[in-house]
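This report concerns only the one structure given below.
Letters go in sequence order (proteins before strands), and every chain restarts at 1.
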Amino acid sequence: MAEKPRVAIFDFTGCEGCELNQLNFEDQLLDILAHVDIVEWREAMDDRAAEYDIAFVEGSLSTPDCITRINDIRRRTKVLVALGACAVQGGINGMKNTQAIEEVREEVYGEDKYLFPTLPALALHEVVKVDYNVRGCPMTQIEFLKLFTSLVMGKQPIEPDHAVCVDCKLKENECVYERGMICLGPVTRAGCDAQCPSVGQYCTGCRGLVTNPNLSGMEEILVEHGLSVDEAWKRLELYNANDLEGAR
Amino acid sequence: MGTNLDIKVKHLTRVEGHGDIVVNMKEGRLEKAQLEIVEAPRYFEAMLKGRSFHEAAIITSRICGICSLGHQITSLKTTEQALGLEVSDQTVALRKLCIHGATLQSNILHAYFLAAPDFLNVGSVFPLVGSHPEVVKRALRMKRLANDMGDVISGRAVHPITPVPGGFTAIPSASALKELKRRLEEDMYPDLLATVETLKSLAGAIPGFTRETEYISLRNDHEYALYDGDICSSDTGRISDTEYRKMTNEFVVPHSTSKHCKVNRSSYMAGALARWNNNHDKLGELAHTAAAALGLTPDCYNPYMNTIAQVVEAADCAIDSIRLLDELLANGLKDELPNQEPTKFGTGVGCTEVPRGILYHEYTYDNKGRIVKANCIIPTGQNLANIDDDMKKLVPEIIEKSKEEITLHLEMLVRAYDPCISCSVHLLDVEFVE
Amino acid sequence: MVQFYLDAERLPAFVAHLMAQKTVIAPHAKGQKSFTFETVAEPDQVVLDYPRVMQSIRKFFLPPKEELLTFDLTENSYETTEVEPIDAIFLGVHSYDVAAVGRLDYNFSVGSPEKNYLTRRQGAVFVGVSFVPDSYHFSGSVNIRPEDPTGCDIFLTKLFEGYVLEVHTPTGEELIKGFDMPAHDAGRPATGHFQQHIYVPQTRLSEIMEQSYDNDVWAETAEQCVGCGTCNLVCPTCYCFNVDEAVDVTVTKGHRERHWDGCMLRKFSEVAGGEVFRESLAGRQRHRIFRKFKYISDTTGQPWCVGCGRCTAACPAHISIVGIVNRLISDHAQAVVAPI
Amino acid sequence: MNLNEFLPTIEPENLYAPVMAEITEIKRLTSMEVFYRIELPDGAELGHQPGQFVEVSIFGVGEAPFSISSSPTHKGSFELGVRKAGMLTDVMTRLQPGTKLGIRGPFGTGVDVEKFKGKDVLIVAGGIGLVPMRSMINYVLDRREDFGRLIICYGSRSEQDLLFTDEIAKWEADPKVEFHVTVDQGGEGWKGNVGVITTLVPGLDLDLTNTACCVCGPPIMYRFVLMALKSKGLSDESIYMSLERRMKCGVGKCGHCQINSSYVCQDGPVYHYPDLKNLQEAL
Ligand SMILES: Cc1cc2nc3c(=O)[nH]c(=O)nc-3n(C[C@H](O)[C@H](O)[C@H](O)COP(=O)(O)OP(=O)(O)OC[C@H]3O[C@@H](n4cnc5c(N)ncnc54)[C@H](O)[C@@H]3O)c2cc1C
Ligand code: SF4
Ligand code: SF4
Ligand code: SF4
């Protein structure tokens, strides 16, 4: 293998749970560090670097400053990886886009709203080219490790594009619909090993939608289980408001 | 004196979220000494509006990945109070275990990964992998166990899955709990002792600065209050949690996307040091031994000692976890379902001690169980005014030092608070118009 | 054939008797309303009175995830992962799930016989149990009765508070040796009526399917179907799989793994470059139903659906396989009566 | 009777265990396609028919099917032509000679050469479709006396995308080969035909009673080539086509390659056109 790839980690608007999840690889951290050099990571270290081979970026873009920074990162890195729901598809932050931005700001800061500029929360791919995604909220650790080994081996990682239900059935979980809950697993992209349904909680859709989801079919399922049409779409929008814009 | 000083630390490292330190001194007069919060606001209130009670905790836990468990538990307590949902003793015990796990993980992360590099004069934990491999491995082992407590009990350490209004969607197995207990006893206990030893050798690097302020934390009669209690001020004593607004008083300042707070003085402190000052009498033996070894005394007014107070309470969390596990195992785990049948729809208040201090949530629900009004007050927001006040006292005291040293002292001060900036920037205080 | 009466109260003792001879795998309760086959640890945890298990016993012979080989990246070498026969008693299997294993046996023996599957399949002993059809079962329509003992060494038919125990093979005789039970010679009861039926004999289905390639039902079903693949993944006769590589975090070793796949999934028929050969959900539904009632059936004369009702029970969109088939039948009948 | 009594008694070999074979030669064909010569251990022969394929694997990366491009008459090694299309093929194009690959196969039903004997052979290859067809072409050239005329129609996106250009030059020069080539987009120096592959068909002079035709190319091509061949008057019985589908096992187990009732990895990839007419999903 040639030189170790230089890795940088950045965060934008988000909860930094994905970054924390990187520090939570206690059992693998030393192996990971054997394969890469971490050259910039504000949350964990002081150093800054001029360029890098791989940039992992968490969070969505929601201020003019974010846009400048992400463009700068894109210029400095060979590979850009979006880490977690906020970066990949806008995530939770996208919910605020469903309301008029001025209203939202006024609600929080009242008259002081102009002190702090804000934009609709954008996923990274809406502004720059993203090479790979690690989905989930927080980013799925098993998927991160898969991506990591792929990058070290110099192969393109494959993104799963089937429903969470598949993984859920592979694990022989009792379907949470059986437990009287509703679940977004049927249209949500797998890769998390059906983490939530495996412990009795419904899938909230954090990993984004599968390609070409049948949304009206999903709406029908949710409505049949007692939600109003509006509530059904609110459920779907929890992590996917940006992708669902105009779909309703 | 006539000193001029101009410090600007942009995007301070090794803290959670984005903040700048700005200090301006002109001819000996301090014009500015403050932590500017530049993290983008996230507007959680807009997200909560109209959301069902099933989703409130899922959303609010995304305010912050570092404090996700704290937000989640606080949110659940709030929802349960608003909707009149009773929870079982088993649920409470499991939640307390989660809080211990999260506190352990957060305090260890802070002490070893964020603060220790300052004591050892390096820029991050990574050089320590080579220079102090045993210490790094110990830190990772402790963190792993703390996270495993989260994984086993709440499904996942970051953004927990199983805690829902009324209980848990899945109850951990007895064998998994036994294994946690074994590891706490056999691994965590000696690692904690070793941590105290390591820190003792580094204690010289902690600056001797003091400033007395108001200390606010939860307090109750039966334990070191983390899960619940009255709100207690070192200045004015205890009041009920429902009156939390009296104990916060938020205001907007232009240099911060996060609101500031004050009560009896211009600022107050929340967090491990506040808890220690208010509740040290409730800590167990191991914590007291650790405190004595590390020079943490009652009524400690040195904010830099917050890191030490975190380690002291981490020790208590580990010991109390063993007690809780014993209790749960002795009672036998019941495979109970969450109680999700609301008995009323109204307003609820929840407050919990999370690693950085006391956290408040308040929600009002409509009669379909949807949120109409929400308010969250986050510990880091509460500490911001106090940090600014500390800086204003600190800078003149160390003005003789080099600019680099002053900067380092300031950075260390801010880090000692272990501020969680992403949490602090979305205070929710909104009436929604239906 | 010998018959005995096994009192329900003595069931744990009977299970213990079996456990003394071999590993016993039997249904257990799981979650709130579900059942699953597991290796028995406590005889009194076995549940024989259950509507259906979430996954049939196929999961033992064709595991959901299975390592095919392990490799060493530094040496560029590999070793195949050797599998063992499952030398166990499968207790409490319903007739349709036994039949489904027979279907899989065919798939993995025909053409190029597959070592992993066939090795695992050696040595299994089947103790079947009758079931009471619920609103999803329709195995009667594919000639599998609830009390059909085909393929079993021992078969239990529910009668009052116990079971008529029939021994069908010498292996079965060996198994019950030393376990005292009263003989029973009053025959076996039928165990209830099906609530779901396919309206023509199974032998006519292929011909009806033949005429149904362009039926509207495919597009109509596709409006509800969300393509989640659940119906494939719970089906006891589905055997399609995908293969993936898993590399260790040290990037020095790993394994090649196969896992269940499903023809309802979009990626199933996608090739490099992004072309998806079965893009429409309508086409995917048709393929699924035809695989159950036409394609292999044309060669073997048997339907590849055993009427367990799992796909319908588990479908979040409530798409009913019986509903689709009966719709094809009635459309076909109308077309025959009134040609355009 | 226990179910097990129906099980076959044979001791099957492991279908998924590849043979490690060495790449002895690598040539870049175009910017996207690479040629590999591969030798099995101990000089073993692959023993294939034109049109068959092998499963190639690189550990840690994956496994995928590739048509064998060399003729069975060529001994001692076999050849592949691979287009960079995704994960595995991307890694493959970066390999060096001497690397060992996992090989399983040959699999599938190739061209039934007996049916072509004594006839005029018409090959229609679009793009990467020339890779498998090259096996048949070279087979015919090596057994020239067994066959009638050899007519090749080859279409490519552009001049730069033409594969096996040295061999094309030989075929063009060979008086016993009627070689026609076209490109979708003609460039500066291109003197030949411009247009899609179907434009070559009308001009062909075929003996309709004694021609067997084999077609291979991208999915979109088949329908149009068929129309062109049929309007030329070629009977369905004289047409064979090689299809591509996703496949994982290569041995009729994984289900991916199924077209209606047919498994491409077993019944194909080369199909007799009359059989394909019953498979609605095929074209
Ligand atoms: C019978 C047959 C013969 C072929 N002959 C050739 C040839 O001679 N030259 C050539 O360049 N290509 C050929 N292909 C296509 C080749 O198999 C694909 O280009 C290749 O699988 C792409 O793999 P990848 O990992 O690079 O692509 P990715 O898109 O990254 O594929 C990911 C995974 O999907 C699977 N996959 C994707 N596309 C296909 C496919 N078409 N068939 C099967 N599996 C697929 C692979 O197994 C791979 O592991 C042939 C395909 C078939 C079915
Ligand atoms: S629990 Fe959710 S993800 Fe799992 S099978 Fe049911 S619907 Fe699908
Ligand atoms: S389970 Fe239902 S919704 Fe899911 S793919 Fe099958 S038919 Fe469609
Ligand atoms: S197709 Fe449906 S009913 Fe038939 S065997 Fe499969 S899961 Fe059971």
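If you measure heavy-atom distances from D:Pro219 to chain C, the contacts under 4.5 Å come from the side chain alone. Within the 4.5 angstrom heavy-atom criterion, atoms from both the backbone and the side chain of C:Arg121 approach chain D. Proximity to chain C is limited to the backbone of D:Glu13, based on heavy atoms less than 4.5 angstrom apart. If you measure heavy-atom distances from D:Leu88 to chain C, you find no contacts under 4.5 Å at all. Only the side chain of C:Val247 comes within less than 4.5 Å of a heavy atom in chain D; its backbone stays farther off. Both the backbone and the side chain of C:Ser112 come within less than 4.5 Å of a heavy atom of chain D. Contact annotation for C:Ser77: only backbone heavy atoms (N, CA, C, O) come within less than 4.5 Å of a heavy atom of chain D. With a 4.5 angstrom heavy-atom cutoff, C:Asp298 does not touch chain D via any of its atoms. Heavy-atom distances place the backbone of C:Asn107, and not its side chain, under 4.5 Å from chain D. Both the backbone and the side chain of C:Glu114 come within less than 4.5 Å of a heavy atom of chain D. C:Phe277 touches chain D through its side chain: at least one heavy atom from C-beta onward sits under 4.5 Å away, while N, CA, C and O do not.
No side-chain N or O of D:Arg157 forms a donor-acceptor pair with one of D:Gln185 less than 3.5 Å apart. Side-chain contact of C:Tyr295 with D:Asn260: a donor-acceptor pair under 3.5 Å is present, judged by distance alone. For the residue pair D:Arg246/C:Ser269, the side-chain donor-acceptor check at 3.5 Å is not satisfied. Between C:Thr171 and C:Glu174, the side chains place no donor N or O within less than 3.5 Å of an acceptor N or O (distance only, hydrogens not considered). Checked by atom type, the side-chain pair D:Ser158/D:Gln160 shows a donor-acceptor distance below 3.5 Å. In the model, D:Asp267 has a side-chain atom that pairs as donor or acceptor with a side-chain atom of D:Ser262 under 3.5 Å.
Judged by distance alone, the side chain of C:Arg288 and the main-chain N or O of C:Cys263 form no donor-acceptor pair under 3.5 Å.
Both the sub-6.0 Å distance and the 45° axial angle are not jointly satisfied by D:Arg28 relative to the ring of D:Phe35. Cation-pi check for C:Arg258 over C:Phe241 is met; the charged atom lies under 6.0 angstrom from the ring centroid and within 45 degrees of its normal. Geometric assessment of C:Arg284 against the ring of C:Trp218 yields a negative cation-pi assignment under the 6.0 Å and 45° thresholds. With a 6.0 Å cutoff to the six-membered ring centre and a 45° limit on the axis angle, C:Arg286 counts as a cation-pi contact of C:Tyr213.
The structure places CG of C:Leu233 at 12.0 Å from SG of C:Cys311, a figure rounded to the nearest 0.5 Å. Expressed to the nearest 0.5 Å, how far CZ of D:Phe107 lies from CG of D:Leu15 amounts to 7.0 Å.
Options C:Glu79, C:Arg256, C:Lys294, C:Glu275 differ in how many heavy-atom pairs under 4.5 Å they form with chain D, and the most are formed by C:Arg256. Among C:Ala124, C:Ala272, C:Gly111, the residue with the largest count of heavy-atom pairs under 4.5 Å with chain D is C:Ala124. Among D:Met20, D:Met87, D:Glu11, D:Gln258, the residue making the largest number of heavy-atom pairs under 4.5 Å with chain C is D:Gln258. Comparing C:Glu245, C:Arg278, C:His287 by how many heavy-atom pairs each has under 4.5 Å with chain D, the most go to C:Glu245. The choice from D:Lys100, D:Arg245, D:Lys248 that makes the most heavy-atom pairs within less than 4.5 Å of chain C is D:Arg245. Of all the listed residues (C:Ile296, C:Thr119, C:Val98), the one sharing the greatest number of non-hydrogen pairs under 4.5 Å with chain D is C:Val98. Of the listed residues C:Thr299, C:Thr169, C:Asn116, the one with more heavy-atom pairs under 4.5 angstrom with chain D than any other is C:Thr169. By number of non-hydrogen pairs under 4.5 angstrom with chain C, the leading residue of D:Met247, D:Lys253, D:Glu5 is D:Lys253. Considering only heavy-atom pairs separated by less than 4.5 Å from chain C, the leading option among D:Ala64, D:Ser57, D:Pro18 is D:Pro18.
Residues of residues 269-282 of chain D having a heavy atom under 4.5 Å from any heavy atom of chain C, listed by number: D:Gln280, D:Glu281.
When all heavy atoms are compared, the tightest approach of C:Ile144 to C:Ala99 is CD1-CB, 3.6 Å.
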Give the C-alpha distance, both sets of side-chain angles, the deciding distance and a yes or no for salt bridge (Lys or Arg N to Asp or Glu O under 4.0 Å) between D:Asp90 and D:Lys84.
-> CA-CA 5 Å; D:Asp90 179 51; D:Lys84 192 160 127 180; 3.8 Å; yes

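Relative orientation of the C:Tyr117 and C:Phe108 rings is parallel, given thresholds of 30° and 60° on the angle between their planes.
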